[in-house]
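First up is the structure itself, then whatever we jot down about it.
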Amino acid sequence: MKPSIPKGTRDFGPEQVRKRNFIFTTIETVFTKYGFARIETPAMESLDTLTGKYGAEGDQLLFKVLNNGDFLSKVEPSLLEDKDSSKVLPNISKRGLRYDLTVPFARFVVMHQNEIQFPFKRFQIQPVWRADRPQKGRYQEFYQCDADVVGSNSLVYEAELVQIYDEVFHRLNIPVTIKINHRQILFGIAEKLGIEDQFQAITVAIDKMDKIGLSGVKEQLRMAGLATPHIEWISELLSQPNLENVEHLLGDSSAAQEGLLTIKTVFEYLKRTSLHQQIRFDLTLARGLSYYTGCIFEVAIDTQVINSIQMGSLGGGGRYDNLTGIFGLSGVSGVGISFGAERIYDVLEAIDGFPPSTASSLQLLICSLDQKGLGEAFYIAHILREKGIHCDLYPDAAKLKKQLKFASDRAIPYCLILGSEELATQLYTLKNMDDGSQAKLKLSDLIDQFS
RNA sequence: GUGGUUGUAGCUCAGCUGGUUAGAGCGCUGGAUUGUGGUUCCAGAGGUCGCGGGUUCAAAUCCCGUCUUCCACCCCA
């Protein structure tokens with residue numbers, strides 16, 4: 001059979017793993033510095049835990065795991081005849097692959113609430129799975145890097161998370177804009193116009209601003225059934241999207257007031273920190289229909305600095321008031337952010353931003369010209385490794401040409417050559433692969449040179 | 001989920017409206033150099049043309065299905 005892997009999944013070779021780890025360890029370092037502790041949760045969760053948390057569309061994108069055993073025999077024959085998948089599904093699948101890290105985390109918090117000290121700061125870097133249609137930068141298996149704080153309403157965490165975004169992208173050397181908004185400000189628009197029931201339609205339309213422009217948003221609102229004066233009013237609001245103007249136009253909405261105050265407080269906290277990245281209030285940021293209730297964040301490439309790459313958001317997050325409520329623990333507020341590692345990878349690849357590969361961690365390769373030399377090479381490798389020297393031996397007494405090419409291809413800086421002459425004199429030929437020079441050394445001198 | 005797109009040697013790609021043994025560059029292997037790589041020269045190996053079916057005297061080429069890739073929606077990281 002021809003080997004293949006499922007669509008939207010990937011293998012990672014050594015070089016890709018190195019580059020990915022550069023991203024992961026950078027994120028981990030910063031998370032840890034801010035006091036977040038790493039946890040891990042299983043790839044599979046009970047389907048009960050996952051379904052209904054991501055909306056009807058999200059449920060469609062969940063990967064379900066079939067029950068073990070003869071699962072069909074336990075299903076009512078009438079159910080099978082109806083061919084209604086949604087009815088049969090609960091009978092044949094109890095588990096699914098996690099869709100994100102936030103819901104499993106909420107489950108974790110509720111299950112371990114008695115062991116956890118609040119506010120609890122945790123981070124998690126693990127793969128998640130979505131049965132989405134793949135595109136470039138969108139996969140069915142991909143990693144998320146999440147940091148969340150639960151059990152506190154304090155806005156210092158909003159400010160901290162902004163700092164984390166700032167520092168991670170500074171360390172990765174990617175210029176970004178950190179956008180911040182507040183759900184209550186968006187709700188204020190609907191409230192002010194007295195059309196609270198249209199809140200979702202309004203946010204979905206506004207969210208597309210940077211993609212389809214003001215006229216496109218107006219068209220969307222029209223299709224959603226908003227009255228023309230309302231559309232014009234929203235249009236005016238969107239064309240003056242700085243904090244002062246929004247305050248002026250929305251100030252008499254109580255919801256918007258709360259949101260505006262929150263944003264101002266966060267900016268106040270950040271005022272005396274030296275941020276490297278652009279941070280901007282952005283009224284058009286809406287973050288879909290997800291569970292956020294307070295501040296929302298999104299990170300995108302700073303197009304003022306880099307305009308050559310089209311790339312969606314590199315991260316997002318926000319505050320959710322009652323995430324653990326569905327698992328029976330109410331009154332726990334949380335705020336969190338996520339990094340899109342796959343997209344960050346693509347950006348770093350595009351701007352050539354990865355640190356240069358030290359192609360080999362090996363300091364030297366031991367080459368032997370005959371069987372006797374190979375035995376000696378094995379022994380010398382053992383001695384050198386005991387001294388902590390990174391070395392390897394070519395596994396056969398192949399042609400020297402082949403062995404040197406092997407070292408050359410792997411950018412190993414030195415080769416030690418063991419032939420009959422070297423064995424007889426106990427003086428080993430050390431070849432510098434950079435300039436081609438050679439020297440004869442005793443084993444003790446060799447150890448001195450490399451340790 | 002809707003509409004479109006892609007698949008030829010290890011890699012990047014040619015192959016026009018169907019017509020003999022499907023090509024190139026790079027890479028790989030061997031030799032020039034029987035103990036010296038990264039340069040050069042010479043030679044060689046390597047392909048179920050994504051998979052399955054159909055049309056035809058004849059299919060990499062046309063048709064259908066399927067998988068995969070990428071794109072636009074939807075949504076999202």
Side-chain angles (χ1 to χ4, degrees), chain A residues 1-10 13 23 27 54-62 85 98-102 125-146 200 203-205 207-208 211-212 216 220 286-290 292 297-301 310-317 336-347 359 365 367-370 373 394 397-424 428-440:
Chain A
M1 70 171 278
K2 203 170 188 173
S4 67
I5 55 175
K7 76 170 159 204
T9 65
R10 298 150 296 160
I23 297 170
I27 292 170
Y54 310 103
E57 294 202 18
D59 287 355
Q60 294 292 328
L61 300 179
L62 284 176
S85 304
R98 63 166 168 254
Y99 179 89
D100 70 359
L101 299 177
T102 308
I125 300 176
Q126 287 190 278
V128 304
W129 293 268
R130 293 183 190 180
D132 206 354
R133 193 175 282 202
Q135 278 180 36
K136 199 187 194 72
R138 290 178 71 165
Y139 305 95
Q140 296 206 332
E141 177 186 70
F142 62 97
Y143 276 71
Q144 285 195 332
C145 315
D146 279 23
Q200 283 203 350
T203 55
V204 167
D207 197 30
K208 292 179 182 162
K211 202 167 197 174
I212 58 179
Q220 285 264 321
R287 300 289 303 157
L289 306 172
S290 42
Y292 299 119
F297 310 107
E298 196 163 287
V299 180
I301 295 182
Q310 289 293 316
M311 185 63 70
S313 73
L314 302 182
I337 55 171
S338 183
F339 287 85
E342 320 292 342
R343 286 182 177 175
I344 292 172
Y345 185 101
D346 289 343
V347 170
L365 180 76
C367 308
S368 40
L369 300 171
D370 52 38
Y394 197 89
K399 287 188 178 178
L400 185 57
K401 176 188 169 87
K402 195 170 179 182
Q403 301 191 45
L404 291 175
K405 183 166 162 48
F406 179 92
S408 190
D409 288 346
R410 286 162 183 72
I412 300 171
Y414 288 92
C415 284
L416 192 71
I417 302 171
L418 302 186
S420 52
E421 195 185 309
E422 283 83 359
L423 292 191
Y428 306 110
T429 304
L430 182 68
K431 181 180 177 73
N432 180 327
M433 297 303 284
D434 198 36
D435 58 19
S437 65
Q438 297 187 183
K440 298 239 174 181

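Every chain is numbered from 1, with letters handed out A, B, ... down the list of sequences.
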Any-strand Watson-Crick or G-U partner of [N], both distances under 3.5 Å:
{"N": "B/rU20", "answer": "none"}
{"N": "B/rU69", "answer": "none"}
{"N": "B/rG44", "answer": "B/rC28"}

Is there a donor-acceptor pair under 3.5 Å between the side chain of [X] and the backbone N or O of [Y]?
{"X": "A/Q126", "Y": "A/Y143", "result": "no"}
{"X": "A/E298", "Y": "A/R287", "result": "no"}
{"X": "A/R98", "Y": "A/W129", "result": "no"}
{"X": "A/D435", "Y": "A/S437", "result": "yes"}

Taking atom [atom1] in both [N] and [M], compute the distance separating them and give it to the nearest angstrom.
{"N": "B/rG19", "M": "B/rG65", "atom1": "C1'", "value": "27 Å"}
{"N": "B/rG3", "M": "B/rC64", "atom1": "P", "value": "15 Å"}
{"N": "B/rA58", "M": "B/rG54", "atom1": "P", "value": "12 Å"}
{"N": "B/rA32", "M": "B/rU69", "atom1": "C1'", "value": "44 Å"}
{"N": "B/rG7", "M": "B/rU12", "atom1": "P", "value": "12 Å"}
{"N": "B/rU61", "M": "B/rG25", "atom1": "C1'", "value": "24 Å"}
{"N": "B/rA9", "M": "B/rC26", "atom1": "C1'", "value": "12 Å"}
{"N": "B/rU40", "M": "B/rU33", "atom1": "C1'", "value": "12 Å"}

Distance in angstrom units between [X] [atom1] and [N] [atom2], rounded:
{"X": "A/R138", "N": "B/rC74", "atom1": "CZ", "atom2": "P", "value": "11 Å"}
{"X": "A/I5", "N": "B/rU68", "atom1": "CD1", "atom2": "P", "value": "11 Å"}
{"X": "A/D409", "N": "B/rU29", "atom1": "CG", "atom2": "P", "value": "8 Å"}
{"X": "A/R10", "N": "B/rA77", "atom1": "CZ", "atom2": "C1'", "value": "11 Å"}
{"X": "A/L314", "N": "B/rC76", "atom1": "CG", "atom2": "P", "value": "17 Å"}
{"X": "A/D346", "N": "B/rC70", "atom1": "CG", "atom2": "P", "value": "10 Å"}
{"X": "A/Q60", "N": "B/rU2", "atom1": "CD", "atom2": "P", "value": "11 Å"}
{"X": "A/I212", "N": "B/rA72", "atom1": "CD1", "atom2": "C1'", "value": "14 Å"}

task: Would you tell me if any nitrogen or oxygen in the side chain of A/R287 comes within less than 4.0 Å of OP1 or OP2 on B/rA77?
output: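 Yes, because at least one side-chain N or O of A/R287 sits under 4.0 Å from OP1 or OP2 of B/rA77.
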
- request: Verify the contact: side-chain N or O of A/Q135 to OP1 or OP2 of B/rA72, cut-off strictly under 4.0 Å; return yes or no.
  value: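 For B/rA72, OP1/OP2 do have a side-chain N/O of A/Q135 under 4.0 Å.
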
[X] near the nucleic acid: base, sugar-phosphate alone, or nothing, with a heavy-atom cut-off under 4.0 Å?
{"X": "A/G137", "result": "base"}
{"X": "A/D434", "result": "base"}
{"X": "A/S338", "result": "nothing"}
{"X": "A/G373", "result": "nothing"}
{"X": "A/Y139", "result": "base"}

message: Between A/Y414 and A/D434, does the side chain to side chain donor-acceptor pair (under 3.5 Å) criterion hold? Intermediate values first, please.
response: CA-CA 8 Å; A/Y414 288 92; A/D434 198 36; over 6 Å; no

- request: Tell me which of A/M433 and A/K208 sits closer to the 5' end of RNA chain B, going by the nucleotide each one is nearest to.
  value: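 Closest to the 5' end, via its nearest nucleotide, is A/M433.
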
query: Nearest nucleotide by nearest heavy atom, which residue falls closer to the 5' end of RNA chain B, A/G316 or A/K7?
result: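 Whichever sits nearer the 5' end wins; that is A/K7.
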
message: Looking at the base of B/rU69, is there any donor atom on it, or on the side chain of A/R133, that sits under 3.5 Å from an acceptor on the other one?
response: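 Check fails, no donor-acceptor contact within cut-off.
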
statement: Heavy-atom contacts, protein to nucleotides 31-36 of chain B, under 4.0 Å, summarised as B (base), S (sugar-phosphate only) or - (none) per nt, yield S---BB

- prompt: Less than 4.0 Å between a side-chain N and a carboxylate O, is that true for A/E421 and A/K440?
  reply: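 So A/K440 pairs with A/E421 through a salt bridge.
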
- request: In plain terms, say whether A/E141 and A/K7 are close enough for a salt bridge, that is, a side-chain N and a carboxylate O under 4.0 Å apart.
  value: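 No.
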
query: Does B/rA77 have A/F339 stacked on its base, where the ring centres are within less than 5.5 Å and the planes differ by under 30°?
result: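 Answer is no, no stack.
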
- prompt: How are the rings of A/F406 and A/Y394 set relative to one another: parallel (under 30°), tilted (30 to 60°) or perpendicular (over 60°)?
  reply: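 Perpendicular, since the angle between the ring planes exceeds 60°.
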
- request: Any chance you could measure A/R10, atom CZ, to A/E342, atom CD, to the nearest 0.5 Å?
  value: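 So the CZ of A/R10 and the CD of A/E342 are separated by 4.0 Å.
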
